[in-house]
Structure formats: C-alpha cells, structure tokens
Amino acid sequence: MANESIIETEGLTKVFTVKKTSVDAVTDLSFIANRGELVAFLGPNGAGKSTSLRMLTTLIPPTSGTARVVGHDIRTDAAGVRARIGYVGQLTSGSFSQRVRDELLSQGAFYGMTRRDSIRRADELIESLDLSSFATRTVQQLSGGQKRRLDIALGLMHAPPLIFLDEPSTGLDPQSRANLWQHILDLRTQHGTTVFLTTHYLEEADRYAERVMVMDKGRIIADDSAAALKATLAGDVLTFGFATESDAALARPVIARLSTAEVTLDGDSVSLAVPDGDRLLPVIVRELDAAGILVRRATGVPPTLDDVFLALTGRTLREAGEGDEASETATDTAAAATTDAATTATTGALS
Ligand SMILES: Nc1ncnc2c1ncn2[C@@H]1O[C@H](COP(=O)(O)OP(=O)(O)OP(=O)(O)O)[C@@H](O)[C@H]1O
Ligand SMILES: [Mg+2]
C-alpha cells in the first residue's frame, strides 16, 4: 500500500467564462496523492479549492489537463471515478424531512447497494460517526455539527477508499470542530480511508493534515507537511503592540533600521520574521524606548501557516479572502450549472 497513488493530476485547469470575460479558477494543477494520506487544501476565498474538488469528483469537466482518481480517468470514465469516491460538498443539504437513518438507506439505494448491505453499513456509520442518539430524528432537527457528520456518513455509505470533503468544519463551534476532526482521524485509522479536504482554518491544517497544499489564485503555491512549510521560515515572528496606530507607524522605521527583514504594519502592531528573535527582541524594545515610543506588548513566536502564506504571497490569508463575496454565489452557480443529468443526480444525493 505504501506510496500507491490514488489521485494523479496533470495540468488540470478550469477557466469559467462569465459575461465574455474569463475567470482562471484553477491553473495547471499537477500533483500525486498517495493512498491513506490526509491532504488539506488550504487557501483564501476564491482560491480555486472547490473548483479543484469538483473537477476531481467529475462534477465539472476541466478546461484542459487530466486526472486519474482511484485509477479511473475523470474525463473518460466519470462513472468509474464516482463509484469509488465519496464527496461532501461545501453546502449541506439532504432531504430535510427524512430521518437520519432513512437518509443513509436512500443513499445506499442510490449506489445500488442491497437493502441488507445498506442497513449494515448505515448502522456501522451511525456508530462510528456518533449519530446513534439522533438516528431517528429528521435532518432538519440536527445541529450544524450533527448535520456535517451525517453528510460525511452519506459520503461514506458505499465504503469508498477516498473521500473529498469541502470545508467539513466551516461554521461549527470549536468543540464540534474538534469532535468532527476526531471522527475524520478515526476513519483513517479504522478504514484506511484517504481524505482530501479543504479548509480555511490554518490551525486545523497545521494540526491534523500530514500534507498541506496551499492554493492561491488558482495555483498551488506550496505543497509539503505543515512542519516543513514552517521550517522554510527559519526563526521567529516578532510582534510589537502599541497604544495607538500612530505609535505603530512611528515605530516601524525604527524597527526597520535594526533588521533587514520586511517589517509589516497592521493597525496598532508591527511584525517581522527574523532568524534571531531571541537576540533581536530586547534590542528592539530598548531602541523603541530610547525613541520615546511606548511598547505595550512584545512577543516572539515560531511561524504559523499564515506566516508561510504571507511569505509566499505578501498577504495574510485573512486579507486574501476579503472582498471576495462573489465566490460563494459563483460556487452555488457552478453546482446549478451542471447540466449532465447524471451529474445533477449525484450532486443532489451526495452533497
Ligand atoms: N460557476 C462558476 N462560474 C464562474 N466563476 C466561478 C464559478 N465557480 C467558481 N468560480 C470562480 O472561480 C474562482 C474559484 O472559486 P472556488 O469556488 O473554487 O474557490 P474556493 O477556493 O472554493 O473559495 P471558498 O473558500 O470561498 O469556497 C473564484 O474566482 C470564483 O468566483
Ligand atoms: Mg469553496
């Protein structure tokens, strides 16, 4: 099983045309994912994460490029791919008036499973995703976290070796997120399921994924373990907080004189990534003090994935996602715009 590939993509590209202008949603996506891996696709709003997942799950055709998913070509053998993957879309759905257990059984029927197999599998998933206390409730009576777990159970009904989860934890409270993650990790240990997911949450990707692919503006800009990505930024991030924004603005040039690192001003704080934080931090504090600028806070911490993103793009992930309200709507349109009847049926049942 070791290093057996389960996803192979080569130059996968998607260009949407909206009112005669083209949108480069995904450009030249090429990677190999191995069986059993937990890969997190990280990136701001509009980066192209969902579009990549939609191509890999055969919901939309690529403009160019190829991919093999569980050994089947996404362009020439969509049915072969779909039979071997689970997909949980960004927006939850389900038939709101159906009961949880019936919802799972319908999904089994959709996949052509026998009633007996469906019942056995539904009970197994109800157990492993901790749905038993509300298995007889209707979908609309579930909380966000419970619904998301049901979504994942639906995606796993036919026991696929690979599951795609589009933002499984978005919108959940921290407790439910931690809980959901535990279930995702258990799936891997118990069934060896390969998990390919997208997230906005840096700390989740950092903590749980063994491989992080960072996407920005439709391109993969980094692909490694979180630890390795952070290690590329040797040293520490020093942050100095001030009473006012004008103090921070005054402090910036003072700090810039003491280091060759790029110094970022963000409201009432100033930060920089340096290789020798322990030495530099007190030097900076003394120098600011001498310049008559009062430092309220001074911290030196190892870099986070957000710092990696900042180093790669010059923007923080938070900034990068701002002002892209349109992407959510465009995303919905993408699902609605799929005209292939089989695709629509799959979308409806799987998402
Ligand atoms: N059907 C569509 N028609 C036109 N443009 C689209 C369509 N679907 C997506 N896009 C555009 O493609 C780009 C990538 O969108 P995508 O939904 O893949 O981003 P994302 O990384 O999943 O973002 P989010 O984090 O907001 O879910 C965006 O600029 C988006 O507006
Ligand atoms: Mg998305």
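All residue numbers in this chain count up from 1 along the given sequence. We use all heavy atoms of the structure for the numbers below, so side chains are in, but hydrogens, waters and symmetry mates are not. In listed order, ligands and their atoms are each counted from 1. Just so you know, these numbers come straight off a predicted model, no measurement behind them.
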| Is the closest basic N to carboxylate O distance between D268 and R296 below 4.0 Å? | no
>> Can you confirm whether V270 sits close enough to F242 that some side-chain heavy atom of one is under 4.5 Å from a side-chain heavy atom of the other?
In response: yes
Does S50 bring an N, O or S atom to under 2.8 Å of the Mg ion (ligand 2)? yes
Per-atom filter on ligand 1: closer than 4.0 angstrom to a heavy atom of S50 are 17 (O), 18 (O), 20 (P), 22 (O), 27 (O)
Query raised in the report: Can a non-hydrogen atom of G48 be found less than 4.0 Å from any atom of ligand 1?
Result: yes
Any side-chain donor-acceptor pair under 3.5 Å between D186 and Q182? yes
Quick note on ligand 1: atoms under 4.0 Å from a heavy atom of H200 include exactly 25 (O)
Interatomic distance, CG@L129 vs CG@D151, rounded to 0.5 Å, equals 10.5 Å
One finds that the ligand 1 atoms under 4.0 Å from a non-hydrogen atom of A47 are 19 (O), 20 (P), 21 (O)
Within 4.0 Å of some non-hydrogen atom of P44, the atoms of ligand 1 are 21 (O), 25 (O)
E167 heavy atoms within 4.0 Å reach ligand 1 at atoms 24 (P), 25 (O), 27 (O)
ask   = When only distance counts, is A25 in polar contact with ligand 1, meaning an N/O pair under 3.5 Å?
value = no
- prompt: Got a salt bridge between D206 and K230, using NZ or NE/NH1/NH2 to carboxylate O under 4.0 Å?
  reply: yes
Short version for N45: what comes under 4.0 Å of ligand 1, heavy atoms counted, is both
So CD1 of I220 and CG of L42: to nearest 0.5 Å the spacing works out to 10.0 Å
- Does the side chain of L288 come within less than 4.5 Å of I255's, by heavy atoms? yes
